[in-house]
> 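Below is the structure I would like to discuss, written out as structure tokens.
All values below come from the heavy atoms of this structure, side chains included, with hydrogens, waters and symmetry mates left out.
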Amino acid sequence: MRVLQVDSGREWRGGQQQVLLLCRELSRNAAVEQVLVTKQRGELARRAAADGITVQGVAWEIGLDPRAWWQLRRAITAFQPDIIHVHDSHALTLAATVAPPPGRSLVATRRVDFHVGRFGAWRRPDRIVAVSSAVKQILIRDGIAADAITVVPDGIDADEIRRSAVPPLDIRSDLRLPASVPLVVNAAALVDHKDHRTLIRAAEYARSLEPQLHWIIAGDGALRGSLAAEIARLELQDRVHLVGFVERINALIAAADVFVMSSKLEGLGSVILNALALGRPIVATAAGGIPEILPAEVLVPVGAADALAQKVVETLRPPHPAPLPFPPRFTASAMAQGVLDVYRALL
């Protein structure tokens, strides 16, 4: 079986981590020959090549880069894949305009619970892999046939996550905070659907409930300036810290007293799996696929800053909750097997 994996790779986020894990797992299967097409010299290309995965780097500077389209077309002609698996909307749009050779199937992974247009490229795949039932339900509501969608949740290598958290990250010292200060950590791109404004308002609510509590937001994005302005407006600069992209994100999560997600839309929220693997208490909004990972008792309604603050403070106070068990269906090997089953069903 020949599989051409395609991801624009213009950033390094949860989706690209999942592509890397899928390629790594499939590379262990002697029946699968794969090539990854992605942005040349991008982080995904670098990490995949370091793992021994065959990478074809292409010029992919903008989402619908015509050079990427041309080089993708050449890759399909040269490699003659049985399956073309695209992992983001830009990759799908380019691949959908390249007529695949007869007998080749187009698979697309859908990671977000946004609506799709009536005439867009998401109507083209032979099969859509949805990372959660919530994503599948959105696609069905938008008119895509249920039997064209297979749910395969994201997965992680929990042992790898734990190893990457060592040695510890002394973030309190880096921020010149006392060692005893409780920390809440969020790790997410600074984009609208992650709803950091609710997180910041939760920090304001929590100020009177737990005066020593500090909040760390790890990630970069277009909203950094406006979020910094909101933090300043609420006079929270001394307790809400925008620390940007953190290379050793798992070490940061491991240093948290509570890991928090405030999303208003979320396909699954795979970073939550990292926090589970590290045994961290978690509080999150019940957005999208998050309730498919976490039990109801750690969830609050979307946009409810006061409830989020209260739940975080309750989690910090004794008796402390027992660590949530890591669900075995969210391993990288289970994810890869689910995707492989999709491929085989199309051959």
Side-chain angles (χ1 to χ4, degrees), residues 11 13-14 113-114 169-246 249 251-266 269 271-272 274-275 280-288 290 294 297-318 320-321:
E11 54 192 357
R13 291 172 58 180
D113 56 343
F114 307 159
L169 186 67
D170 191 1
I171 189 65
R172 291 171 177 82
S173 177
D174 292 343
L175 295 174
R176 298 180 179 178
L177 301 175
S180 60
V181 161
L183 287 183
V184 176
V185 169
N186 167 270
L190 306 184
V191 293
D192 182 67
H193 69 275
K194 299 297 184 179
D195 198 10
H196 288 99
R197 292 187 182 278
T198 289
L199 188 66
I200 292 166
R201 287 190 293 114
E204 182 189 25
Y205 279 114
R207 180 162 44 187
S208 62
L209 300 173
E210 188 66 48
Q212 299 304 310
L213 183 58
H214 283 251
W215 304 66
I216 294 176
I217 300 174
D220 276 322
L223 297 184
R224 180 169 184 139
S226 62
L227 294 175
E230 181 71 1
I231 291 168
R233 186 183 72 82
L234 296 174
E235 299 181 350
L236 293 169
Q237 303 99 312
D238 63 334
R239 65 189 61 241
V240 179
H241 311 276
L242 292 173
V243 298
F245 175 78
V246 176
I249 191 61
L252 176 61
I253 294 172
D257 293 286
V258 180
F259 182 78
V260 66
M261 289 285 283
S262 55
S263 304
K264 57 184 176 182
L265 295 169
E266 193 67 64
V271 69
I272 293 171
N274 297 37
R280 296 296 81 206
I282 301 169
V283 174
T285 50
I290 292 177
L294 297 173
E297 58 265 25
V298 304
L299 301 177
V300 301
V302 169
D306 52 346
L308 188 65
Q310 186 65 48
K311 183 69 73 172
V312 165
V313 171
E314 288 175 1
T315 303
L316 286 168
R317 291 175 177 168
H320 300 296

> Do I171 and V246 have side-chain heavy atoms sitting under 4.5 Å apart?
no
> Who passes ring pair (Phe, Tyr, Trp, His ring centres under 6.0 Å) against F114, sequence neighbours left out?
H193
> To the nearest 0.5 Å, tell me how far L169 CG sits from L252 CG.
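These two atoms lie 6.0 Å from each other.
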> Side-chain contact, heavy-atom cut-off 4.5 Å: K194 with E266?
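The answer is yes, as the side chains (C-beta and beyond) meet within the 4.5 Å cut-off.
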> Under 3.5 Å, is there a donor-acceptor pair between the side chain of T198 and the main chain of A304?
no
> Could you grab the distance from atom CG of L294 to atom CD1 of I272, nearest 0.5 Å is fine?
5.0 Å
> Can you measure from NE2 (H214) to CG (L236) and round to the nearest 0.5 angstrom?
11.0 Å
> Which residue, I216, D220, I217, forms the side chain to side chain contact (heavy atoms under 4.5 Å, CB included) with V243?
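Only one of I216, D220, I217 forms a side chain to side chain contact (heavy atoms under 4.5 Å, CB included) with V243, namely I216.
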> To the nearest 0.5 Å, what is the distance between CE on M261 and CG on D195?
11.0 Å
> List in chain and number order the residues that pass salt bridge (charged side-chain N to carboxylate O under 4.0 Å, His left out) with R13, two or more places apart in sequence or in another chain; answer none if no residue qualifies.
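Applying salt bridge (charged side-chain N to carboxylate O under 4.0 Å, His left out) to R13 gives E11.
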> Can you name the residues that form a salt bridge (charged side-chain N to carboxylate O under 4.0 Å, His left out) with D192, not counting sequence neighbours?
K264
> Please tabulate, for the side chains in residues 308-317, all donor-acceptor contacts under 3.5 angstrom to protein atoms that are two or more places apart in sequence or on a different chain.
| from | atom 1 | to | atom 2 | distance (Å) |
| --- | --- | --- | --- | --- |
| K311 | NZ | E297 | O | 2.9 |
| T315 | OG1 | K311 | O | 2.7 |
| R317 | NH2 | L209 | O | 2.7 |

> To the nearest 0.5 angstrom, please state how far the CG atom of L199 sits from the CD atom of E230.
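L199 CG to E230 CD: 11.5 Å, rounded to 0.5 Å.
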> Do R197 and L223 make a side-chain contact, defined as non-hydrogen atoms from C-beta onward lying under 4.5 Å apart?
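No, too far: nothing below the 4.5 Å cut-off.
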> For the residue pair T285 and G303, what are the closest heavy atoms and their distance?
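The pair with the smallest heavy-atom distance is CG2-N, 4.4 Å.
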> How many angstroms lie between CG in N274 and CD1 in I249, if you round to the nearest 0.5 Å?
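Between N274 CG and I249 CD1, I get 8.5 Å after rounding to 0.5 Å.
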> Residues in salt bridge (charged side-chain N to carboxylate O under 4.0 Å, His left out) with D306, at least two apart?
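With sequence neighbours excluded, D306 shows a salt bridge (charged side-chain N to carboxylate O under 4.0 Å, His left out) to no residue whatsoever.
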> Give the table of side-chain donor-acceptor pairs shorter than 3.5 Å for residues 173-190, with sequence neighbours excluded, one pair per line with atom names and distance.
| from | atom 1 | to | atom 2 | distance (Å) |
| --- | --- | --- | --- | --- |
| N186 | OD1 | H196 | NE2 | 2.9 |
| N186 | ND2 | V260 | O | 3.1 |

